[in-house]
Amino acid sequence: EHLHYINSGEFDKAEALIPEIEDGLTKYQEKINKARLLSFWYNIMVMYFIMHKFKEAVVWANTILDDKSEIKQDISNTTRLLLPIIHFELGHHDLVENLTRSAYRTLSSKNRLHDFEKELIKYLKGMPLSSNTEEFMSKLTLFNEKLGVLQKTQTMKSYAMEEVTLWVNSHISSNRMSDIL
């Protein structure tokens, strides 16, 4: 039901289910397999990210990254790429550089640095740390052009590409990500 509401753009209804989902995750924690649990956490994090509720998104991102299992590494990898953006949005500019380096090291060690991931890391390393500057918008526009090319040419699925593209378009258009969807 939660995922249905997210996919249909009914984010308020999806968010209203969170207390019930949290209760269920606590109540049935011994019966829920790790892959399903990570999927729940990830869907909640992405929902909050899209709703521009970055304080809530970071809580779920940290929950995902606190899990040290090797299950569903795609979720962990995507979260690592989104976390610098979430902290940027929260104004935690001092963390963006460290989180970017951490994402790079982790993905590099797993041989998961493809064209999109490389471009995102490159952008994050050089990103001006204020969303209100001309330089920020200029670099974001160039990054968006590169994203467009990658979306047309890249054959391998990349972590976080959809979410990052949505975030970029949100800043360029001055619209909320949920409204763009």
Side-chain angles (χ1 to χ4, degrees), residues 3 6-9 11 35 38-39 41-54 57-58 60-62 64-65 70-90 92-93 95-181:
L3 195 53
I6 292 171
N7 289 334
S8 61
F11 294 99
L38 285 164
S39 293
W41 295 344
Y42 176 75
N43 290 333
I44 294 168
M45 179 201 61
V46 169
M47 175 200 71
Y48 281 129
F49 179 79
I50 291 170
M51 294 176 75
H52 292 236
K53 294 188 175 189
F54 300 108
V58 78
W60 291 96
N62 289 332
I64 291 166
L65 295 178
E70 292 297 315
I71 298 170
K72 299 286 261 188
Q73 283 299 298
D74 56 329
I75 287 175
S76 295
N77 292 338
T78 301
T79 302
R80 285 184 196 289
L81 290 169
L82 291 177
L83 197 56
I85 294 170
I86 293 169
H87 278 287
F88 168 79
E89 291 293 346
L90 289 170
H92 303 157
H93 300 154
L95 296 176
V96 173
E97 185 180 341
N98 289 335
L99 292 169
T100 300
R101 274 197 310 267
S102 175
Y104 172 80
R105 281 191 310 266
T106 300
L107 292 173
S108 181
S109 72
K110 294 177 181 183
N111 233 6
R112 292 298 307 173
L113 272 176
H114 304 296
D115 291 341
F116 166 73
E117 291 85 359
K118 289 176 186 174
E119 283 298 327
L120 177 59
I121 297 292
K122 181 179 170 184
Y123 170 73
L124 291 172
K125 283 181 177 180
M127 176 175 70
L129 296 178
S130 170
S131 62
N132 299 324
T133 67
E134 227 176 271
E135 183 185 15
F136 174 81
M137 291 307 291
S138 174
K139 287 187 176 187
L140 192 68
T141 301
L142 288 172
F143 179 58
N144 189 44
E145 291 170 9
K146 291 178 182 181
L147 282 176
V149 171
L150 286 172
Q151 287 172 330
K152 292 176 185 170
T153 60
Q154 188 165 310
T155 56
M156 178 163 283
K157 183 181 181 329
S158 288
Y159 302 125
M161 188 178 230
E162 291 177 39
E163 294 87 351
V164 169
T165 301
L166 188 58
W167 174 77
V168 168
N169 288 328
S170 171
H171 274 281
I172 289 173
S173 70
S174 297
N175 290 311
R176 296 177 62 77
M177 288 183 269
S178 56
D179 293 339
I180 293 171
L181 281 176

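This structure is a prediction, so every number in the text was calculated from the model and none was measured. Here, residue 1 is the first one in the sequence, and each next residue gets the next number.
Side-chain N or O atoms of Ser138 include none that pairs as donor or acceptor with a backbone N or O of Glu134 at under 3.5 Å. Under a 3.5 Å cut-off, the side chain of Lys139 and the backbone N or O of Gly126 do form a donor-acceptor pair. For Arg176 (side chain) and Ser170 (main-chain N/O), no donor-acceptor pair under 3.5 Å exists by modelled atom type. A donor-acceptor pair under 3.5 Å is formed between the side chain of His52 and the backbone N or O of Met177. Asn144 contributes no side-chain N or O that, together with a main-chain N or O of Leu140, makes up a donor-acceptor pair within less than 3.5 Å. Within the 3.5 Å criterion, the main-chain N or O of Val96 finds a donor-acceptor partner in the side chain of Thr100. Under the 3.5 Å distance criterion, the side-chain polar atoms of Glu89 are left unmatched by any main-chain donor or acceptor of Ile86.
Side chains of Leu95 and Leu90 form no contact here, defined as non-hydrogen atoms less than 4.5 Å apart. Within the 4.5 Å cutoff, the side chain of Pro84 has no heavy atoms near those of the His87 side chain.
Atom CD of Gln151 sits about 5.0 Å away from atom CE of Met161, to the nearest 0.5 Å. With rounding to the nearest 0.5 angstrom, the CZ atom of Arg112 is 10.5 Å from the CD atom of Gln73. Atom CD1 of Ile44 and atom NZ of Lys53 lie 13.5 Å apart (nearest 0.5 Å). In this structure, Leu107 CG and Asn77 CG are separated by 5.0 Å, a value rounded to the nearest 0.5 Å. Considering CD1 of Ile121 and OH of Tyr104, their distance stands at 9.0 Å, rounded to 0.5 Å. Separation of atoms CE (Met127) and CG (Leu120) is listed at 9.0 Å; rounding is to 0.5 Å.
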What's the verdict on side-chain contact (heavy atoms from CB on, under 4.5 Å) for Trp167 and Phe49, showing C-alpha distance, side-chain angles and the deciding distance? CA-CA 9 Å; Trp167 174 77; Phe49 179 79; 3.9 Å; yes
Inset, instruction - Begin with the C-alpha distance, continue with both residues' side-chain angles, and end with the deciding distance and a verdict on side-chain contact (heavy atoms from CB on, under 4.5 Å) for Thr79 and Asn62. - result: CA-CA 9 Å; Thr79 302; Asn62 289 332; over 6 Å; no
Q: Tell me, with the steps shown, if Arg80 and Leu65 meet side-chain contact (heavy atoms from CB on, under 4.5 Å).
A: CA-CA 8 Å; Arg80 285 184 196 289; Leu65 295 178; 3.8 Å; yes
Q: Please report the C-alpha distance between Glu163 and Thr78 in whole Å, then the side-chain angles of each, then the deciding distance to 0.1 Å, and finally whether the side chain to side chain donor-acceptor pair (under 3.5 Å) criterion is met.
A: CA-CA 9 Å; Glu163 294 87 351; Thr78 301; 6.0 Å; no
Exercise. Checking side-chain contact (heavy atoms from CB on, under 4.5 Å) for the pair Ile6/Val46: CA distance, chi angles, key distance, verdict?
Worked result: CA-CA 9 Å; Ile6 292 171; Val46 169; 5.7 Å; no
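Between Tyr48 and Phe54, the distance from one ring center to the other does not fall under 6.0 angstrom.
Between Met137 and His171, the shortest heavy-atom distance links the atoms CE-O, 3.5 Å. The two residues Leu181 and Phe11 come nearest to each other via the heavy atoms CD1-CZ, 3.8 Å. Closest non-hydrogen pair, Ile64 versus Trp41, comes out as CG1-CB, 3.7 Å. The two residues Ala57 and Met45 make their nearest non-hydrogen contact at O-CG, 3.5 Å. The two residues Leu113 and Glu117 have their closest heavy-atom pair at CD2-CB, 3.7 Å. Nearest heavy-atom pair across Ile71 and Leu38 is O-CD1, 3.5 Å.
With hydrogens and angles left out, the side-chain atoms of Asn98 and Arg101 include a donor and acceptor closer than 3.5 Å.
Between Phe143 and Tyr123, the ring-plane angle classifies as parallel under the 30° and 60° cut-offs.
For Lys110, the NZ atom is densely surrounded, since the number of other residues' heavy atoms within 6.0 Å is greater than 12.
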